[in-house]
Amino acid sequence: MHEPLFSVTEDELQIESITQKVIRRDVGAVVTFTGTVREFTHGRKTLSLRYEAYQTMAVKQLQRIGEEIKEKWPDAITAIWHRTGLLQISDIAVVIAVSTPHRKDAYAANEYAIERIKQIVPIWKKEQWEDGSEWIGNQARNRFRCAKGGKRT
């Protein structure tokens, strides 16, 4: 069975497997971005993250990003997989693999993909800090602070 190029899953992400989806004989560059859970954000300690998604729409938006990349860089092939559920420090949250004939386009297309994910994909993350928690909507704007116990403030 052929695995999709775009997915939102609770399963651990396998970088090599996702990268292999975009490799073909006529490309000279493959750029893979791996987003992981970091321990500190602006000096504040993260204990864990929980990602939630409107899964059907999230996959459609990931496909849309792939189509946008294809319009801007016609020879590009893109695969984007995003994880949901509870993630610990250093766990992989997102993998973006882009292949193109030349490296400059692969770098540019890959950066475009992560910026668009933050803008249009309905995936939310809850930062579990040492001193409380915070829901982050589209990762660019919507933030809701929570006191310990999860109540939004």
Side-chain angles (χ1 to χ4, degrees), residues 1-129 133-143:
M1 186 168 161
H2 186 64
E3 285 194 34
L5 292 173
F6 306 95
S7 181
V8 175
T9 179
E10 289 192 4
D11 298 333
E12 263 187 51
L13 300 180
Q14 304 298 318
I15 298 168
E16 182 62 27
S17 165
I18 296 165
T19 301
Q20 285 297 321
K21 296 174 185 299
V22 301
I23 292 177
R24 55 179 205 252
R25 295 176 64 91
D26 61 338
V27 300
V30 177
V31 172
T32 303
F33 171 81
T34 304
T36 59
V37 178
R38 68 176 164 259
E39 186 173 19
F40 288 94
T41 301
H42 306 296
R44 196 170 185 192
K45 187 172 184 175
T46 298
L47 301 177
S48 62
L49 291 180
R50 175 171 295 282
Y51 284 97
E52 293 185 5
Y54 175 14
Q55 187 154 354
T56 304
M57 181 58 75
V59 172
K60 285 182 181 176
Q61 293 297 76
L62 294 177
Q63 292 169 336
R64 176 179 163 188
I65 293 167
E67 292 166 5
E68 290 174 1
I69 288 172
K70 197 74 172 168
E71 289 174 16
K72 292 178 177 288
W73 298 276
D75 295 325
I77 295 180
T78 305
I80 306 171
W81 283 49
H82 203 296
R83 190 166 169 201
T84 56
L86 182 64
L87 280 72
Q88 303 299 321
I89 304 303
S90 300
D91 282 352
I92 297 171
V94 62
V95 175
I96 303 167
V98 178
S99 67
T100 62
H102 304 284
R103 70 178 179 276
K104 206 170 190 178
D105 289 343
Y107 278 118
N110 198 300
E111 183 177 15
Y112 178 85
I114 190 65
E115 296 304 323
R116 290 295 284 157
I117 288 170
K118 292 180 180 221
Q119 292 170 349
I120 68 169
V121 180
I123 294 175
W124 303 271
K125 71 177 177 183
K126 184 177 185 181
E127 292 256 5
Q128 183 60 55
W129 308 101
S133 61
E134 182 177 20
W135 277 102
I136 300 174
N138 64 6
Q139 300 186 39
R141 283 173 259 160
N142 302 324
R143 293 171 183 256

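With no hydrogens or angles considered, a side-chain donor-acceptor pair links T46 and E127 at under 3.5 Å. In this model, a donor atom of one side chain and an acceptor atom of the other lie less than 3.5 Å apart for Q20 and E16.
Minimum interatomic distance between V8 and L62 (heavy atoms only, all atoms of both residues): CG2-CD1, 3.9 Å. In terms of heavy atoms, R24 sits closest to A76 at NH1-C, 4.4 Å. Closest heavy-atom contact between W135 and R50: CZ3-O, 4.2 Å. Taking all atoms of both residues into account, the shortest heavy-atom contact from T100 to H102 is OG1-O, 2.5 Å.
Crowding of K60 atom NZ: a count of heavy atoms from other residues, nucleotides or ligands under 6.0 Å not exceeding 12.
You'll find the side chain of Q14 stays beyond 4.5 Å of the side chain of W81, heavy atoms only. Within the 4.5 Å cutoff, the side chain of V94 has heavy atoms near those of the I114 side chain. You'll find the side chain of T41 reaches within 4.5 Å of the side chain of W129, heavy atoms only. Side-chain contact between I80 and V121 is absent, with no heavy-atom pair separated by less than 4.5 Å.
Classification of E68 and K72 as a salt-bridged pair fails, no side-chain N sitting under 4.0 Å from a carboxylate O. Classification of E39 and K45 as a salt-bridged pair holds, one side-chain N sitting under 4.0 Å from a carboxylate O.
Using a distance-only test at 3.5 Å, with no hydrogens or angles considered, no donor-acceptor pair links the side chain of T78 to the main chain of G66. Between the side chain of N110 and the backbone N or O of I96 there is at least one donor-acceptor pair closer than 3.5 Å.
With rounding to the nearest 0.5 angstrom, the NE2 atom of H82 is 8.5 Å from the CG atom of L13. Here the straight-line distance linking atom CZ of R64 with atom CD1 of I120 works out to 4.0 Å at 0.5 Å rounding. Here the straight-line distance linking atom OG of S99 with atom CG of D105 works out to 11.0 Å at 0.5 Å rounding. The structure places CD1 of I18 at 9.0 Å from OG1 of T32, a figure rounded to the nearest 0.5 Å. The NZ atom of K118 sits 11.5 Å away from atom CD1 of I123, with the distance rounded to the nearest 0.5 Å. Atoms CD1 and CG, from I69 and D75 in turn, are 13.5 Å apart once rounded to the nearest 0.5 Å.
Applying the side chain to side chain contact (heavy atoms under 4.5 Å, CB included) rule to P122 yields the partners Y54, M57, A58, Q61, W124; only residues at least two apart in sequence or on another chain are considered.
Listed by first and then second residue, the ring pair (Phe, Tyr, Trp, His ring centres under 6.0 Å) pairs that reach into residues 23-50 come to none, sequence neighbours excluded.
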